[in-house]
Amino acid sequence: MRRILSPSILAADFKVLGEQIETCEKNGAAYLHFDVMDGVFVHNISFGLPVLQSLKGATELTLDVHLMIMEPIRYIEEFAKAGADILTVHYEACENLQETLDAIHACGVKAGLVINPSTDVEALRPYLHQADMFLLMSVEPGSGGQAFIPQTFDKIRALRSMLEAQGLETDIEVDGGVCHANVKEVLDAGANVIVSGSTVFRGDIAENVAGYMKLFQEE
Ligand code: DX5
Ligand code: ZN
């Protein structure tokens, strides 16, 4: 399966966001992870539609939008119009998850489904054929720079086998605390889309992204 890096701009320097995104793109990133936080579903407030709108057409990267907001169904259309290529919603934040996934597909956008560290991977079973990507949080949502929760490895393995049992090759994205030191283990467990904020944007971005690309090549 294609191994994809999705740098999380939550960790970027917004004074020079355009340049930093370009550096990520030039060095091999294929997605851009866009963490929307509403201060209700998670304690933090990040950024939203105007920032996404400004990126649309300004980058070739796939805009991988992670909605950490209550009842995301209310905003699907606006985020789709603002340029999202993938809209990922939290299992824990949707009154009617099927309706929410359908609303994303109705806008012609890929639907991602994400669960928090404390949510069992079994919760995803009814939706294995409904989502275009599954996201497993490896930190509590709400901020970057946290440590990777090791129990996530078993969840990745369990989800990958649940998908394989259905003959599905759906992308599994992992988000939070991933770094050069643990990414091989995350990939070996069965994930293929890697979100990374602090490891990409702290220090030399070109080197950090190239470091992931090198690790992605290794068997
Ligand atoms: C946390 C966000 C993550 C975070 C990742 O709520 O969903 O995407 O920004 O940042 P790092 O890689 O620093 O943990
Ligand atoms: Zn995220």
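We number each residue from 1, following the sequence as shown. Ligands are counted one by one from 1 in listed order, and the atoms in each one are counted from 1 as well.
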Of the protein's non-hydrogen atoms, which lies at the shortest distance from [atom], and what is that distance?
| atom | result |
| --- | --- |
| atom 6 (O) of ligand 1 | Gly142 N, 2.7 Å |
| atom 12 (O) of ligand 1 | Gly197 N, 2.7 Å |
| atom 5 (C) of ligand 1 | Asp175 OD1, 3.6 Å |
| atom 13 (O) of ligand 1 | Ser198 OG, 2.4 Å |
| atom 1 (C) of ligand 1 | Ser143 O, 3.4 Å |

Using the ring of each side chain (for Trp, its six-membered ring), is [X] parallel, tilted or perpendicular to [Y], with breaks at 30° and 60°?
| X | Y | result |
| --- | --- | --- |
| Phe79 | Tyr75 | perpendicular |
| His66 | His90 | parallel |
| Phe14 | Phe47 | tilted |

- Message: For a 4.5 angstrom cut-off between non-hydrogen side-chain atoms, does Met137 reach Ile115?
- Response: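 No, every pair of side-chain atoms sits at 4.5 Å or beyond.
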- Any side-chain heavy atom of Leu63 within less than 4.5 Å of one from Tyr31?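 A side-chain contact under 4.5 Å is absent here.
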- Message: Within the 4.0 Å heavy-atom shell around His33, which atoms of ligand 1 are there?
- Response: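 Contacts of ligand 1 toward His33, numbered from 1: 8 (O).
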- Gly177-ligand 1 polar pair, N/O distance under 3.5 Å: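 Yes, there is a polar N/O contact under 3.5 Å.
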- Message: Can you confirm, on distance only, whether ligand 1 has an N/O atom lying under 3.5 Å from any N/O atom belonging to Met37?
- Response: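 Between Met37 and ligand 1 (N or O atoms, distance only) the closest approach is not under 3.5 Å.
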- Query: More than 12 heavy atoms of other residues, nucleotides or ligands under 6.0 Å from NZ of Lys56: is that the case?
  - Reply: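 Correct, the count exceeds 12.
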- Task: Using only heavy-atom distances, determine whether the side chains of Gln130 and Gln98 contain a donor-acceptor pair under 3.5 Å.
- Result: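 Gln130 vs Gln98: donor-acceptor pair found between side chains.
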- Task: Decide whether His180 and Asn208 meet the rule of one side-chain donor and one side-chain acceptor closer than 3.5 Å.
- Result: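 On atom types as modelled, these side chains do not qualify, holding no pair under 3.5 Å.
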- Which option out of Ser138, Ser46, Pro7, Gly144 puts a heavy atom nearest to atom 10 (O) of ligand 1?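 Checking each option, the heavy atom nearest atom 10 (O) of ligand 1 is found in Gly144.
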- What do you reckon, does Asp35 put a non-hydrogen atom under 4.0 Å from ligand 1?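 Yes, Asp35 has heavy atoms under 4.0 Å from ligand 1.
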Nearest to the Zn ion (ligand 2) - the N/O/S atom of [X], by atom name:
| X | value |
| --- | --- |
| Asp175 | OD2 |
| His66 | ND1 |
| Asp35 | OD1 |

